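In this text, all values refer to a predicted model and were calculated from it rather than measured experimentally.
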Amino acid sequence: GALASAPPGQPGTLVAQFNGSRVDLTWGAAVDATSYVLEIGVTPGGPYTRRNIGALTAFGVTAPAGDFYMRVRGLNALGEGLP
């Protein structure tokens, strides 16, 4: 495809499904994203632990104990999009 001319758009709604201690996440693809960063924190607004998960739009993680907050951002060669 054509090279992106800006950072990626915002991913679609992040949906979490719980299965015991596992959380299965899915989201809509962000326009022009070549990969995604999953951010996990214990307070809204961060700080977040970040993990690049590649071009996936679904990912499973083991849920940390207690309350936690997750968001996802699209990435491309020009930067990060909004979470």
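- Checked by atom type and distance alone, the side chain of Glu39 never pairs as donor or acceptor with a backbone atom of Met70 at under 3.5 Å.
- Between Trp27 and Tyr36, the distance from one ring center to the other falls under 6.0 angstrom.
- Other residues, nucleotides and ligands place more than 12 heavy atoms under 6.0 Å from the CG atom of Asn52.
- Residues Leu14 and Val23 share a single hydrophobic cluster, defined by chaining ILVMFWY side chains whose heavy atoms lie under 4.5 Å apart.
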Inset, instruction - Give the C-alpha distance, both sets of side-chain angles, the deciding distance and a yes or no for side-chain contact (heavy atoms from CB on, under 4.5 Å) between Val37 and Val72. - result: CA-CA 6 Å; Val37 170; Val72 65; over 6 Å; no

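- Here the CD-CZ distance, from Gln17 to Arg22, works out to 11.5 Å after rounding to the nearest 0.5 Å.
- Of all the heavy atoms in Gly74 and Ala33, the pair that sits closest is CA-CB, 4.0 Å.
- A 6.0 Å sphere centred on CZ of Arg51 holds no more than 12 heavy atoms belonging to other residues, nucleotides or ligands.
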Legend entry - Candidate pair Arg50 and Arg73, rule side-chain contact (heavy atoms from CB on, under 4.5 Å), full reasoning: CA-CA 10 Å; Arg50 296 165 49 91; Arg73 293 177 182 268; 4.1 Å; yes

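- Side-chain contact between Thr26 and Asp24 is absent, with no heavy-atom pair separated by less than 4.5 Å.
- From Ser35, atom OG reaches atom CG of Leu56 across 10.0 Å, with rounding to the nearest 0.5 Å.
- Between the CG atom in Leu75 and the CG atom in Asp32 there is a gap of 12.5 Å [rounded to 0.5 Å].
- Residues passing the side chain to side chain contact (heavy atoms under 4.5 Å, CB included) test with Ala55: none are found, sequence neighbours excluded.
- In this structure the side chain of Leu38 reaches within 4.5 angstrom of the side chain of Leu25, judged on heavy atoms.
- Both Phe59 and Phe18 sit in one connected hydrophobic cluster of ILVMFWY residues. Membership requires side-chain heavy atoms under 4.5 Å apart, directly or through other members.
- When all heavy atoms are compared, the tightest approach of Pro7 to Gly81 is CB-N, 4.5 Å.
- Of all the heavy atoms in Pro11 and Pro83, the pair that sits closest is CD-C, 4.5 Å.
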